[in-house]
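Notes follow the structure.
No hydrogens, no waters, no symmetry mates; every other heavy atom, side chains included, goes into these values.
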Amino acid sequence: MIKIGTIVGDRYEILEKIGVGGMAEVYKGKDHKLDRYIAVKILKEEFRGNDAFIRKFKEEAQSAARLAHPNIVNVYDVGDENGIYYIVMELVEGITLKNYIERKGSLTIKEATSIAIQVSAGLEVAHNNQIVHRDIKPQNIIISREGKVKVTDFGIAKATTSQTTTSNAMGSVHYSSPEQARGGYVDHRSDIYSLGIVLYEMVTGRVPFDGDSAVTIAVKHLQEEMVPPETYCKNLPYSLSQIIKKATEKSPDRRYQDIGDLIADLKQSLMDPEGDFVKIIDPDNQARTVIVTKDTTSQVKEVRRARHQEIEEEEEEDDDEDDDDEEDDDDESLSPAVEKAMTAAGIVLAVIIVIIVFLLVSRLFGLGSGSSSDTEDTQTEESVTDDDSSSSANTVEMPSLLGMTMTEAKIELEELGLSITLKGSEPSSEYASGQIIEQSVEEGSRVEVGSSVEVTTSSGEDTQATGSDTEEEETTVTVPSVLEKDEATARSALTAAGLTVGTVSESSSDTVEEGLVISQSVTANSTVEKGTSVDLVISSGPQTVTVTDVIGHEQTRATSELEADGFKVSVAEAYSDDIRSGLVISTDPDRGTSVSPGSTVTITVSLGKQTVTIPSVVVNMTYDAAVTALRSAGFTGTVTQATEYSNSVGAGYVTRFSPSSTVDYDGDVTIYVSLGPSS
């Protein structure tokens with residue numbers, strides 16, 4: 001264990017321990033060079049002699065250091081000094097998602113979706129850098145005091161240059177994908193599965209699979225179907241239920257194939273909670289249907305060309321080798337994905353040949369035709385049909401965008417391969433401010449994939465339709481109300497209205513739920529210039545204050561300090577063997593606890609060590625009677641008998657106690673008994 005106050009790397013001072021993991025301890029530190037607080041992750045002492053753990057620790061640093069994103073904990077530095085291996089990271093003040101779920105029981109739909117979107121955004125950057133996290137769980141997701149969600153702990157992350165990687169590394173079994181549980185191929189879709197389980201837990205307050213042992217839970221991931229989340233979350237929207245279902249499919253091929261698609265569906269679910277837009281893959285159709293694309297065909301041709309060259313080289317080396325054996329070897333060398341593609345290409349080619357043969361035969365025998373002119377007409381129709389089919393393959397049907405916001409329309413068009421451009425805003429009595437009132441391509445028209453559609457949005461109802469106001473109407477917009485909306489929704493609404501989001505700050509609130517907008521700098525429904533910046537204040541929940549540390553202080557000083565911090569003070573007293581009389585022993589609530597302002601804090605003040613008053617000496621009291629009287633007074637210490645001569649007290653009776661007034665309740669007392677007169 002590293003000592004507090006140690007400085008590593010000639011700049012990082014270790015201040016206090018803030019967490020412990022499986023192979024490392026995390027400390028709060030200070031970077032004296034840049035004058036900022038940081039987190040320092042240090043490999044545990046028992047692993048410092050293990051090359052495998054050292055390598056794994058360094059790989060974590062290398063993996064995370066390649067990633068820079070607001071939703072990933074940044075890595076600043078890595079090093080080792082005198083056998084101490086450390087990673088310097090961004091210090092995130094907040095709590096883990098696991099603690100947050102335990103505190104709230106379950107999260108609101110908007111809150112859970114927003115967190116999932118932010119985690120996905122961080123993972124998207126990792127996946128784009130060929131890094132699979134492989135241990136996504138609530139314990140590795142931190143929610144900062146500002147409400148920012150950050151992914152941390154790339155401890156078993158894997159950098160890969162191929163589509164998949166084989167590894168036995170496994171994260172928390174409650175969130176591990178089936179392929180991780182069986183030790184099979186692991187790729188970015190394993191992170192998507194784990195995130196799906198996290199999303200399930202956020203909305204239900206529980207994990208879908210639990211058991212007495214890790215093995216039991218792993219088997220459930222492999223074999224059992226999870227209880228639908230709507231069983232536990234009665235208000236769960238249909239779209240989010242489908243998102244969770246698709247993300248947690250046991251087969252990676254049936255999950256989201258790219259986390260960007262998951263992000264798009266999560267955002268769409270916020271605007272269309274009951275929409276049926278999540279594309280669930282039918283296992284039956286998946287088993288018998290292969291879609292052959294241009295890229296797949298090119299891949300098949302390339303593989304065939306390469307294999308043809310290999311066969312020629314093999315024939316030169318061994319002329320006696322049988323052609324059939326060569327073909328068998330070729331088949332065995334191809335990957336399953338290419339074999340599927342080649343099989344599908346062969347099927348498509350065979351179908352095309354059959355159709356061509358059928359058409360030739362039908363024309364040869366005049367099947368289905370009345371005359372040569374009919375035949376010519378038929379050919380013309382077929383030609384037109386083929387042209388239409390060819391052209392329609394690269395076109396899509398334009399949907400109606402009227403009434404949508406810019407964000408809603410963008411998501412709708414991106415799914416069709418189209419983009420959107422804002423042409424401008426005009427007053428409208430039919431549509432609310434920010435909604436689309438006109439589109440450059442009419443509904444039902446076919447447009448080429450990749451095209452851009454121009455739209456005009458509503459600037460609100462036209463209250464003064466005079467010529468002099470025309471220019472003002474074109475350059476002004478109506479501010480929407482975003483009060484009590486989460487930050488993501490508020491940003492979308494303001495952007496759609498033609499405004500920009502300025503400073504976003506936090507403030508406590510006893511009435512507005514944590515994470516929702518308390519106030520906006522520009523009043524709702526007011527008319528302002530397009531592009532005006534609107535500042536937002538987000539609720540951090542009810543205001544709390546921390547109980548002041550006054551333990552060991554004098555009673556009067558402690559009372560003054562607590563009252564100065566806004567607390568009410570009550571006083572209790574208790575004996576203490578360690579704290580001298582008049583000093584504070586403890587506080588209730590305990591020091592450092594977060595409580596409401598104006599709360600009452602009870603301080604317990606020491607009375608010092610408990611004492612016992614020695615009973616008055618009673619003449620003619622026997623030794624046994626004197627001991628009984630002493631014990632009755634509360635004395636628990638040691639009693640010693642002594643004798644002395646006395647001319648006034650008869651033999652066998654008590655003459656005096658020592659000490660004679662008070663004594664510690666657990667101290668030593670001597671009782672003197674008379675021997676009678678000395679002569």
Could you tell me whether the side chain of Asp588 reaches within less than 4.5 Å of the side chain of Thr604, counting heavy atoms only?
-> no
Using distance only, find each side-chain donor-acceptor pair of residues 668-676 under 3.5 Å and give its atom names and separation, not counting sequence neighbours.
unit_1: Ser674; atom_1: OG; unit_2: Val649; atom_2: O; d: 2.7
unit_1: Ser674; atom_1: OG; unit_2: Gly650; atom_2: O; d: 3.4
unit_1: Ser674; atom_1: OG; unit_2: Gly676; atom_2: N; d: 2.9

Between the main-chain N or O of Ser190 and the side-chain N or O of Ser177, is there a donor-acceptor pair closer than 3.5 Å?
-> no
Where the side chain of Asp191 meets the backbone of His133, is there a donor-acceptor pair that is under 3.5 Å apart?
-> yes
Please name all residues satisfying salt bridge (charged side-chain N to carboxylate O under 4.0 Å, His left out) with Asp666, sequence neighbours left out, ordered by chain then number.
-> Lys609
Counterpart residues, salt bridge (charged side-chain N to carboxylate O under 4.0 Å, His left out), relative to Asp35 (two or more places apart) = Lys30
Compare every heavy atom of Ser194 with every heavy atom of Ile136, then report the nearest pair and how far apart it is.
-> O-CB, 3.5 Å
Is there a side-chain contact between Leu97 and Lys137, using heavy atoms and a 4.5 Å cut-off?
-> no
Ser646 versus Thr655, closest heavy-atom pair with distance | CB-CG2, 4.0 Å
Should Lys148 and Glu93 be marked as a salt bridge (Lys or Arg N to Asp or Glu O under 4.0 Å) after you check the CA-CA gap, both sets of side-chain angles, and the distance that decides it?
-> CA-CA 10 Å; Lys148 201 72 174 178; Glu93 300 281 3; over 6 Å; no
Residue pair Val537, Ser505: steps toward the side-chain contact (heavy atoms from CB on, under 4.5 Å) verdict = CA-CA 5 Å; Val537 179; Ser505 59; 3.7 Å; yes
Let me see the working for Val78 and Tyr86 under side-chain contact (heavy atoms from CB on, under 4.5 Å), right down to the final yes or no.
-> CA-CA 6 Å; Val78 60; Tyr86 63 88; over 6 Å; no
What heavy-atom pair brings Leu91 and Ala39 nearest, and what distance separates the two atoms?
-> CB-N, 3.8 Å
Step by step, work out the side-chain contact (heavy atoms from CB on, under 4.5 Å) result for Met89 and Val75.
-> CA-CA 4 Å; Met89 305 179 296; Val75 171; 4.2 Å; yes
Checking side-chain contact (heavy atoms from CB on, under 4.5 Å) for the pair Thr628/Ser632: CA distance, chi angles, key distance, verdict?
-> CA-CA 6 Å; Thr628 300; Ser632 297; 4.3 Å; yes
Measure the spacing between CD1 of Ile585 and OH of Tyr575 and express it to the nearest 0.5 Å.
-> 11.5 Å
So, do Ile141 and Val149 sit near enough that their side-chain heavy atoms are less than 4.5 Å apart?
-> yes
Under the 3.5 angstrom rule, does the side chain of Arg591 hit a backbone N or O of Val550 as a donor-acceptor pair?
-> no
Got a donor-acceptor contact below 3.5 angstrom from the Ser539 side chain to the Val512 backbone?
-> yes
Correct closest heavy-atom pair for Phe567 and Thr546 would be CZ-O, 3.7 Å
Do Ser599 and Ser596 get their side chains close enough for a donor-acceptor pair, meaning under 3.5 Å?
-> no
Roughly how far apart are Glu179 CD and Leu222 CG, rounded to 0.5 Å?
-> 9.5 Å
Can you list the residues that meet the salt bridge (charged side-chain N to carboxylate O under 4.0 Å, His left out) rule with Glu81, with sequence neighbours excluded?
-> none
Donor-acceptor pair between Asp565 and Thr548 side chains, under 3.5 angstrom = yes
Side-chain ion pair, Glu224 and Lys250, N-O less than 4.0 Å | no
Which value, rounded to the nearest 0.5 Å, describes the distance between Ser519 atom OG and Glu484 atom CD?
-> 11.5 Å
Minimum-distance pair of heavy atoms, taken over all atoms of Arg206 and Tyr200 | O-CD2, 3.4 Å
One should read off an interatomic distance between Lys41 NZ and Thr152 OG1, to the nearest 0.5 angstrom, of 6.0 Å
For residues Gln180 and Tyr193, is any side-chain donor paired with an opposing acceptor at under 3.5 Å?
-> no
Does any non-hydrogen side-chain atom of Leu240 lie less than 4.5 Å from one of Pro229?
-> no
Tabulate below the donor-acceptor pairs under 3.5 Å that side-chain atoms of residues 5-16 make, not counting sequence neighbours, or state none.
unit_1: Thr6; atom_1: OG1; unit_2: Lys3; atom_2: O; d: 2.7
unit_1: Arg11; atom_1: NE; unit_2: Asp31; atom_2: OD1; d: 3.0
unit_1: Arg11; atom_1: NH2; unit_2: Asp31; atom_2: OD1; d: 3.3
unit_1: Arg11; atom_1: NH2; unit_2: Asp31; atom_2: OD2; d: 2.7
unit_1: Tyr12; atom_1: OH; unit_2: Asp77; atom_2: OD2; d: 2.8
unit_1: Glu13; atom_1: OE1; unit_2: His32; atom_2: NE2; d: 2.7

Taking the side chain as C-beta and beyond, is there a heavy-atom pair between Glu513 and Thr108 under 4.5 Å?
-> yes
Heavy-atom nearest pair, Ala116 first then Leu195, reads O-CD2, 4.1 Å
Output the distance between atom NE2 (His221) and atom CZ (Arg182), rounded to the nearest 0.5 Å.
-> 12.0 Å
With sequence neighbours excluded, residues passing salt bridge (charged side-chain N to carboxylate O under 4.0 Å, His left out) with Lys568 | none
Expected output: side-chain Ser606 to main-chain Ile579 donor-acceptor under 3.5 Å = yes
Do the non-hydrogen side-chain atoms of Tyr175 and Pro138 ever get within less than 4.5 Å of each other?
-> yes
Under 6.0 Å from the CG atom of Asp212, do we count more than 12 heavy atoms belonging to anything else shown?
-> no
Just by distance, with hydrogens left out, do Thr489 and Asp486 show a side-chain donor and acceptor under 3.5 Å apart?
-> yes
Any donor-acceptor pair under 3.5 Å from Ser114 side chain to Lys110 backbone = no
In this structure, which one of Val119, Ile115, Thr248, Leu266 forms a side chain to side chain contact (heavy atoms under 4.5 Å, CB included) with Leu199?
-> Leu266
Taking Thr636 for the side chain and Tyr665 for the main chain, is one N or O donor matched with an acceptor at less than 3.5 Å?
-> yes
Got Met226 and Lys220 here, is their nearest side-chain heavy-atom distance under 4.5 Å?
-> no
Is there a side-chain contact between Glu201 and Ile197 (heavy atoms, below 4.5 Å)?
-> no
NZ of Lys104 to CD of Glu514, rounded to nearest 0.5 Å, is 6.0 Å
